[in-house]
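First the structure, in the form of C-alpha cells, and then the observations on it.
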Protein chains: 2
Amino acid sequence: MTKYQNQTRLLAAVDCIIFGFDGNALKLLLVQRAIQPEKGRWSLMGGFIQPAEDADTAALRILKKLTGLEGVYLEQLHTFSGPHRDPIERTLSVTYFALIDIHQYEKQLSDEYHAEWFPLTEIPSLIFDHSEMVKMAREKLRYKAALHPLLFELLPKKFTLPQLQNLYECVYDTSFDKRNFTRKVLSTRLLVKQKDKDKGSSKKGAFFYKLDNRHYKAHFHSFLNIIPNPPIK
Amino acid sequence: MTKYQNQTRLLAAVDCIIFGFDGNALKLLLVQRAIQPEKGRWSLMGGFIQPAEDADTAALRILKKLTGLEGVYLEQLHTFSGPHRDPIERTLSVTYFALIDIHQYEKQLSDEYHAEWFPLTEIPSLIFDHSEMVKMAREKLRYKAALHPLLFELLPKKFTLPQLQNLYECVYDTSFDKRNFTRKVLSTRLLVKQKDKDKGSSKKGAFFYKLDNRHYKAHFHSFLNIIPNPPIK
DNA sequence: CAAATAAGTGTACAATTGACAAGTTTTACT
DNA sequence: AGTAAAACTTGTCAATTGTACACTTATTTG
C-alpha cells in the first residue's frame with residue numbers, strides 16, 4: 001500500500017537523563033557531544049532511533065553503550081518536539097530517565113564518550129533543550145520517589161539505613177528524623193537486615209540491608225509517603 | 001549546515017485519549033477512521049504533527065477540530081514507537097489524554113468525524129495499538145486522580161457533591177462512604193458552596209459547588225488520597 | 001581506659017482516617 | 001391534608017498514623 005501523502009518526515013532520537021548517587025550527592029551523567037552542531041558541549045547521552053527499534057530499545061542500547069550496564073531502571077519521561085529544538089534539522093526527542101548504581105558504572109567506564117558525572121548543583125550549560133529535560137526529570141524523580149521505592153535503584157545491592165536516609169535527604173534537599181525515617185522504611189517490610197555491617201563510615205558500623213525482591217516487585221505501586229506532611233497553612 | 005547523514009526519517013503523529021463523564025459512566029470519545037488503512041474502524045482521534053507545530057500544539061489543534069473546545073485539560077501521556085505499529089509506514093505517536101466536560105462538547109458536536117462516546121466498559125476493537133494507549137490512559141487517570149484534583153475537569157462548572165462522588169466511584173469502580181467522602185473533599189478547601197441547588201436528581205435537591213480556582217491552581221500538586229488505604233495483608 | 005563517633009532505639013501527644021446511622025427537605029400520591 | 005418515598009446532609013468514637021523529641025550502645029583510637 002502507498003505511503004501517507006503530503007506529510008513531512010522527521011528524525012526521532014532518544015535522550016537519557018541518567019542519575020547516580022555517590023553517597024554524598026545526586027549526580028547526572030553527561031557526555032561531550034561528538035558531532036556537529038554544538039560539538040564538544042555537554043549534553044545528555046542520546047542517539048537516533050534505528051529502523052528496527054522502538055524507543056525503549058534505543059534507550060537501552062544507548063545506555064548500554066555508554067555504561068556497559070543492562071537491567072537498569074529506565075522509564076520513559078516525556079517527548080520533546082519543538083520544531084526548532086535542533087537547529088540542523090527537525091528532530092523529536094523521546095526522553096528516558098535512568099537510575100543506576102554509580103559504583104557499578106565506575107567499573108565499566110569507557111572513555112569513549114567523554115562522559116562525566118556532575119552533581120545536580122553544578123550542571124553545566126547544556127545543548128538544545130536538554131536543561132529543560134533535566135529539570136523535568138528531577139521533578140519526576142522527586143514526585144515518584146515519594147510514592148514508590150524507586151531510590152533503591154541508586155544504591156548498591158547491600159546498603160545501610162544511614163546511606164538510604166542520606167539519599168532521601170539529597171533528593172529532597174532536607175533532613176529527616178532518624179527514628180521516624182527508620183520506622184517508616186522498615187514498616188514497608190521491603191528491607192531485609194543482613195548479618196554484616198558497613199564499617200566504612202563509623203566506628204560502630206551500620207548493618208547492611210537488602211531489598212526483598214519479591215516484596216519489591218509486588219508492592220512497588222503501594223509504597224508510602226516519605227515526605228513529611230507540611231504544616232497546615 | 002548540512003543535515004544528519006544516514007538516518008531514516010519517520011512520521012510523527014499525536015493521538016488523543018478523550019475522557020468524558022455523563023453522570024453515570026466514564027466515556028471515551030472515538031472516531032471512525034477516515035483514511036486507509038483501516039478506514040471505517042474505530043480509532044482515537046489523531047493526526048500528523050505539522051511542520052510548524054510541537055506535539056502539544058498539534059494535540060490542541062486536533063482536540064479543537066473534533067470538539068470545538070479550547071482550554072481543556074490536556075496532558076502528554078506516552079510515546080508509542082513500535083517500528084510496525086502502522087503497517088503503511090513507520091509512524092511514531094505521541095499520545096495525550098484529555099478530560100472534557102461532556103455537556104459542553106455536546107453543544108459543539110460536529111458530525112464531520114463520525115465521533116461517538118463509548119462507555120469504558122464497551123470500547124470496540126481499535127486500530128493499531130490504540131487499545132494499549134487507552135489502557136495506559138485509564139491507569140494514569142486512576143493514578144493521578146487519587147493524588148490531584150483532576151476529575152473536576154470532567155464536571156460542569158457547577159456540580160454537586162453526589163455528582164462528584166459518583167464520578168470518583170466510576171473511576172475507581174467502587175463505592176465510598178458518603179460522610180467520609182464529603183469530609184475529605186471539603187477538607188481541601190477547594191470547593192465553594194453555592195446558594196442554589198440542583199433539583200434534577202432528588203426531591204430535596206443537592207447544593208451546587210464551584211471550584212475555588214485560586215486554590216485549585218495553587219494546590220493542584222498537594223491534593224489528597226481519595227482512595228481508602230487497602231487493608232493490610 | 002577514656003574519649004570520640006555514628007548507629008540504634010521508644011514514648012507520648014496530635015492529627016487523620018475509617019466505621020457507622022439518624023434526621024431533613026421536598027415532592028407526589030392517596 | 002397527611003403520609004410515604006427519595007435523596008441529601010450531618011457527627012461521633014475508636015483505631016491508626018504521624019510527629020516531636022534524647023539517651024544508650026558498639027567500636028576504634030589515642
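First the proteins, then the strands, lettered A, B, ... as listed; each starts at 1.
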Checklist entry - Among pairs that include at least one residue of residues 162-177 of chain B, which meet salt bridge (Lys or Arg N to Asp or Glu O under 4.0 Å), considering only residues two or more places apart or in two chains? => result B:Asp177-B:Arg179
Checklist entry - Starting at CZ of B:Phe176 and ending at C1' of C:dC20, how long is that distance when rounded to a whole Å? => result 17 Å
Next on the checklist: I'd like to compare against my own output: the B/S/- annotation of nucleotides 21-30 of chain C with a strict under-4.0 Å heavy-atom distance to protein.
Outcome noted: B-BBBBB---
Checklist entry - Between C:dA7 atom P and A:Asp196 atom CG, what is the distance in whole Å? => result 16 Å
Checklist entry - Per the atom types in the model, does the base of C:dG8 pair as donor or acceptor with the side chain of A:Arg183 at under 3.5 Å? => result no
Next on the checklist: In this structure, how many angstroms lie between the C1' atom of C:dA7 and the CG atom of A:Leu164, rounded?
Outcome noted: 15 Å
Checklist entry - What residue pairs, at least two apart or across chains, pass side chain to side chain donor-acceptor pair (under 3.5 Å) with a residue in residues 127-136 of chain A? => result A:Arg85-A:Asp129
Next on the checklist: In this structure, how many angstroms lie between the P atom of C:dT17 and the CG atom of B:Leu186, rounded?
Outcome noted: 14 Å
Next on the checklist: Output the rounded distance in Å from CZ (B:Phe208) to P (D:dC8).
Outcome noted: 12 Å
Checklist entry - Please, which pairs that meet salt bridge (Lys or Arg N to Asp or Glu O under 4.0 Å) have at least one residue in residues 67-77 of chain A, sequence neighbours excluded? => result A:Lys64-A:Glu70, A:Glu75-A:Lys140, A:Glu75-A:Lys144
Checklist entry - For B:Asp177 and D:dT12, what is the distance between atoms CG and P respectively, to the nearest whole Å? => result 16 Å
Checklist entry - Base, sugar-phosphate, or nothing: which does B:Ser201 touch, judged by heavy atoms less than 4.0 Å apart? => result sugar-phosphate
Checklist entry - Rounded to the Å, how far apart are B:Phe181 CZ and D:dT9 C1'? => result 15 Å
Using atom types as modelled, flag every donor-acceptor pair under 3.5 Å from a side chain in residues 15-23 of chain B to any protein atom, sequence neighbours excluded.
from	atom 1	to	atom 2	distance (Å)
B:Asp15	OD2	B:Ser93	OG	2.7
B:Asp22	OD1	B:Asn24	N	2.8
B:Asp22	OD1	B:Ala25	N	2.9
B:Asp22	OD2	B:Lys27	NZ	2.9

Checklist entry - What pairs with A:Asp212 under side-chain hydrogen bond (donor to acceptor under 3.5 Å, both in side chains), at least two apart in sequence or on another chain? => result none
Next on the checklist: Measuring centre to centre across the rings, with the benzene-like ring taken for any Trp, is B:Phe181 within less than 6.0 Å of B:Tyr168?
Outcome noted: yes
Checklist entry - Rounding to a whole Å, what distance do you find between B:Asn180:CG and D:dA14:P? => result 16 Å
